[in-house]
Amino acid sequence: MKSIADINAIKERMQKVLGTREGQTENNIRIVVGMATCGIAAGARPVLNAFLEEAAKRNLKNVKVTQAGCLGMCKYEPMAQVYIPGKEVVTYVRLDEQAAKQIIVDHIVNGSVVTKYTLDIE
Amino acid sequence: MREISLHILDIVQNSIKAEADLVIIDIEANFNKDALSIRITDDGKGMSKELLKKATDTFVTTRKTRKVGMGLSFFKMAAENSGGNFEISSKEGMGTVVMASFKLSSIDRVPLGEMDETMATLLMGSPNIDFILNYKVKTENKIREFNFDTREIKEELSEIPIDEYEIISSIKSYIKENIKATNGGLVI
């Protein structure tokens with residue numbers, strides 16, 4: 001996109017996509033990334049981006065990546081929580097871009113939790 | 001923080017929590033004055049005089065006033081470490097202005113970093129808030145400028161949400177290209 005006017009072309013494309021997506025808002029999967037001072041300092045911004053990019057690349061329209069404040073365990077940042085309807089919440093810790101991509105592929109697409117990055121409460 | 005753009009992302013989160021409708025981010029790299037100035041202005045609920053006094057004191061935050069925790073202290077420290085300065089003013093019911101000035105040439109100044117990423121993250125997190133980015137580079141004989149306003153984008157988009165991935169990534173590359181052009185080869 002070179003100028004604001006170019007957004008019109010994208011807009012037309014989007015209108016078609018959005019039309020076919022009506023009624024698909026059920027069964028939404030949510031990925032919540034901690035985006036407070038602690039998260040940002042630890043590298044949450046590229047992690048959030050990696051989640052979004054990978055979900056878009058795989059055309060996962062039922063995945064919503066959102067941001068939260070401090071999740072209360074700053075030393076484990078960057079953190080993310082995965083909410084899948086009907087399943088227990090999974091908390092991932094000390095993430096990087098690679099981990100985010102792996103979570104999309106293994107957990108979201110194939111349904112197996114990436115235990116390497118899960119939070120183990122001692 | 002490794003980049004000034006990460007500080008900006010963090011400070012704007014305060015504005016969002018303060019229920020701002022409009023956040024203005026002014027960035028000016030002035031090579032004549034060897035200064036990089038960042039100003040974040042919001043129309044949120046502002047702070048009382050007591051809270052404002054404590055705003056940049058690390059560790060005085062309570063859960064109630066968590067929005068002024070470490071973020072402002074970090075930003076202040078980063079500016080002062082480079083030989084710059086920091087100012088904050090606020091008025092209850094009016095909003096808050098945070099100003100940090102960095103010495104451009106200082107070895108202790110972290111780079112500005114990826115402002116496109118910061119803007120994209122903000123738009124995604126708060127699609128209902130409007131953001132303005134005024135980016136200016138002043139050199140001996142030239143002033144280059146780039147202005148971005150989500151209100152203009154939203155008008156063009158009409159019913160399409162701004163936080164759709166395709167829109168966000170177009171905006172991101174738009175900001176990136178324009179900042180690069182505004183820099184004109186200078187490293188900021």
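Every chain is numbered from 1 and lettered A, B, ... according to where its sequence line falls, protein lines coming before strand lines.
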Counting only heavy atoms closer than 4.5 Å, note whether [X] contacts chain A via side chain, backbone, both or neither.
| X | value |
| --- | --- |
| B:E159 | side chain |
| B:E117 | both |
| B:M124 | both |
| B:T118 | both |

Could you go step by step and tell me if A:Y83 and A:N28 meet the side chain to side chain contact (heavy atoms under 4.5 Å, CB included) rule?
CA-CA 9 Å; A:Y83 294 82; A:N28 262 355; over 6 Å; no
Counting only heavy atoms not in A:M73, do more than 12 fall under 6.0 Å of its CE?
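For A:M73, atom CE is crowded (more than 12 foreign heavy atoms under 6.0 Å).
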Could you tell me whether B:E145 atom CD has more than 12 heavy atoms of other residues or ligands within 6.0 Å of it?
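More than 12 heavy atoms, drawn from other residues, nucleotides or ligands, come within 6.0 Å of this atom.
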Between B:L22 and B:R151, what is the shortest heavy-atom contact and its length?
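Between these two residues, the closest heavy atoms are CD2-NH1, 4.1 Å.
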Considering non-hydrogen atoms only, spot the tightest contact between A:T118 and A:V93 and give its length.
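Here A:T118 and A:V93 meet closest at O-CG2, 4.1 Å.
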Please verify the inter-ring angle class for B:F148 with B:Y174; under 30° counts as parallel, over 60° as perpendicular, anything in between as tilted.
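Ring orientation, 0 to 90° scale: tilted.
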Apply the side chain to side chain contact (heavy atoms under 4.5 Å, CB included) test between B:I11 and each candidate in B:L72, B:T96, B:L6, B:I88; give the one that qualifies.
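Result for side chain to side chain contact (heavy atoms under 4.5 Å, CB included) with B:I11: B:L72.
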Taking non-hydrogen atoms and a cut-off under 4.5 angstrom, which of residues 33-43 of chain A neighbour chain B?
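A:M35, A:A36, A:T37, A:I40, A:A41, A:A42, A:G43 fall under the 4.5 Å cut-off.
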Heavy-atom proximity to chain B below 4.5 Å, by part of A:L52:
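Contact with chain B: backbone and side chain both.
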Can A:S112 and A:D106 be said to form a side chain to side chain donor-acceptor pair (under 3.5 Å), step by step?
CA-CA 6 Å; A:S112 70; A:D106 290 3; 5.2 Å; no
